[in-house]
Student: 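Take a look at the following structure, please.
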There are 2 protein chains.
Amino acid sequence: MIQDSSAPRKRRGGSDPKTETSYQRVTNLLRTEILAGDIPLGGRLTMTAIADRFGVSVQPVREALQQLEGEGLVEMIPNHGARVRQLDRNRLVHSSEIGEALECYLARQFAEEASLSSLRQLEALQVEHDAAIEAMDWARIDAANRIFHRFINTHGGNVEAADLIARYYGLSEGLMNKHGRDKAFAERVRAEHHALLEAFRRRDPEAAARINAEHVRGTVAAVLAAYEATKR
Amino acid sequence: MIQDSSAPRKRRGGSDPKTETSYQRVTNLLRTEILAGDIPLGGRLTMTAIADRFGVSVQPVREALQQLEGEGLVEMIPNHGARVRQLDRNRLVHSSEIGEALECYLARQFAEEASLSSLRQLEALQVEHDAAIEAMDWARIDAANRIFHRFINTHGGNVEAADLIARYYGLSEGLMNKHGRDKAFAERVRAEHHALLEAFRRRDPEAAARINAEHVRGTVAAVLAAYEATKR
DNA sequence: TGTTGACACATTTGATACGATCTTGCATCG
DNA sequence: CGATGCAAGATCGTATCAAATGTGTCAACA
């Protein structure tokens with residue numbers, strides 16, 4: 001079996017969106033719907049229905065579901081169909097552990113390597129977060145929170161790790177959106193963000209990692225409470 | 001093109017009640033081939049060739065490739081084809097960072113929570129590793145090394161994290177297998193394993209995490225050397 | 001004579017339709 | 001009340017066609 005190891009020919013001059021293939025479109029649409037919580041956890045995903053809804057054939061839908069299974073978002077049972085992957089208590093804890101390990105590592109890295117201008121940018125992002133909390137606009141709060149953490153996580157250039165974190169938190173975020181949160185929770189998040197910023201200013205990696213760990217654990221505790229609440 | 005009718009068309013029915021679907025079989029076979037390094041990094045994966053090789057149609061192959069893309073092992077370019085995902089220098093570093101963050105977390109957890117019998121089991125596994133190094137049998141060494149680390153990683157029950165680590169290290173392992181390793185490397189790994197065991201015995205989470213971090217960094221340095229060697 | 005451009009062919013991927021198989025829900029019968 | 005069989009619906013796999021990309025050849029031109 002001969003493998004083609006020729007040099008990668010110049011592909012795609014510049015940003016060439018051209019036409020998106022059907023399975024790509026279906027994949028992206030389904031992923032956003034799942035992460036937004038539009039489709040409930042454990043909800044069935046019948047191929048014919050999805051194909052009908054998006055106006056494509058069944059095969060692109062199958063390929064999209066396969067890819068999403070590879071990403072860990074859906075679960076496919078042979079000859080039975082696809083479901084949005086369940087988030088039982090164990091998986092929730094395990095996902096948060098993965099997120100904690102990765103985020104602490106990246107926060108430590110940020111504390112060690114971030115330039116002063118990066119720190120200033122992060123502080124600016126937190127200003128928006130504070131304002132959103134002041135207005136108690138949960139959509140704004142969540143968006144600002146995501147941007148804040150993603151800025152830290154992608155600073156070292158490791159987008160793979162940042163994507164992993166986003167993927168493992170995405171499902172539980174949808175769960176939080178369903179169940180309400182209160183002002184006390186928002187205030188605690190705010191305080192932790194400021195403590196994190198203070199650790200960055202002092203260039204204290206250990207403190208940054210510790211604060212981030214507490215931040216994750218507090219958040220997952222809230223998610224668990226929301227989860228238990230939906231159980232009944 | 002007429003299909004060969006002598007091929008086993010009907011594998012349904014009869015002897016095997018729990019039949020694996022075609023796309024599952026193709027997915028598993030391709031995954032093991034890629035992780036074993038049988039297909040070189042960046043090697044093209046033409047659907048028709050794979051379909052012909054496994055005696056199935058093109059669609060199951062497409063679904064298998066989609067799933068492997070979701071897992072991060074394969075890269076698909078629209079209208080252009082699928083390739084085994086490249087491991088450039090950046091991605092290698094990023095993968096090792098992910099592995100380091102996760103493994104350190106799990107090692108710390110092991111040091112905190114492992115029972116005495118678990119520690120005894122781990123010591124027994126290291127005896128096999130030592131013996132393999134004594135014999136300088138690289139297949140045995142690698143197998144023992146994998147088992148040793150997997151025992152630590154899965155001890156807390158977080159198989160998702162352990163699978164992530166295995167996935168991100170799998171590709172670079174194939175790279176190491178191609179390029180040779182020397183006895184000094186094996187001896188250093190052995191020493192680090194024993195240091196890790198000692199930290200576990202002392203129930204010292206910080207030391208365990210630190211030793212594991214050094215272990216990962218040393219290994220990735222060796223992989224990087226191998227990588228640079230294959231570049232020419 | 002060497003380079004460049006365009007056209008046509010071959011190969012590969014993308015998508016659809018159709019048949020076969022499996023699961024499931026429901027009714028019927030023992 | 002439990003087991004069996006039938007029918008409806010969904011999934012799995014193949015064949016086939018359409019679209020896009022890469023390659024090779026040939027001719028025109030400096």
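Per chain, numbering begins at 1; letters A, B, ... match sequence-line order. Please read all numbers here as calculations on a predicted model, not as lab measurements.
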Student: Are B:Arg150 and B:Asn153 linked by a side-chain donor-acceptor pair shorter than 3.5 Å?
Tutor: no
Student: Any chance the side chains of A:Asn212 and A:Glu100 put a donor and an acceptor closer than 3.5 Å?
Tutor: no
Student: Let me know the distance between CG of A:Asp52 and C1' of D:dG9, rounded to the nearest Å.
Tutor: 14 Å
Student: With a cut-off of less than 4.0 Å, is there a side-chain N or O of A:Ser57 near OP1 or OP2 of C:dT16?
Tutor: yes
Student: Between D:dT11, D:dG13, C:dT13, spot the one nearest the side chain of A:Met47, thanks.
Tutor: D:dT11
Student: Measure the distance from CD1 on A:Ile77 to C1' on D:dT11 and round it to the nearest whole Å.
Tutor: 13 Å
Student: When you measure from the side chain of B:Val56, which nucleotide among D:dT11, D:dT14, C:dA15 comes out closest?
Tutor: D:dT14
Student: Start at the 5' end of DNA chain C and walk down; is the nucleotide closest to B:Gly81 or to A:Gln59 reached first?
Tutor: B:Gly81
Student: Does C:dT13 have OP1 or OP2 under 4.0 Å away from a side-chain N or O of B:Arg62?
Tutor: no
Student: Report yes if a side-chain nitrogen or oxygen of A:His80 is closer than 4.0 Å to either non-bridging phosphate oxygen (OP1 or OP2) of C:dT24; otherwise report no.
Tutor: yes
Student: Rounding to a whole Å, what distance do you find between B:Arg25:CZ and D:dC12:P?
Tutor: 14 Å
Student: Is there a side-chain polar atom (N or O) of A:Ser22 under 4.0 Å from OP1 or OP2 of C:dG14?
Tutor: no
Student: Would you check if there is a donor-acceptor pair between the side chains of B:His193 and B:Gln126 at a distance under 3.5 Å?
Tutor: yes
Student: Look at the side-chain N and O atoms of A:Tyr23 and state whether any lies under 4.0 Å from the OP1 or OP2 oxygen of C:dG14.
Tutor: yes
Student: Which whole-number value in Å describes the distance from A:Asn79 CG to C:dT21 P?
Tutor: 12 Å
Student: Starting at atom CE of B:Met76, determine the distance to atom C1' of D:dA20, rounded to an integer number of angstrom.
Tutor: 14 Å
Student: Starting from C1' on C:dT12, measure out to CG on B:Leu65 and report it in whole angstrom.
Tutor: 13 Å
Student: Are the aromatic rings of A:His149 and A:His129 close, with centres under 6.0 Å apart?
Tutor: no
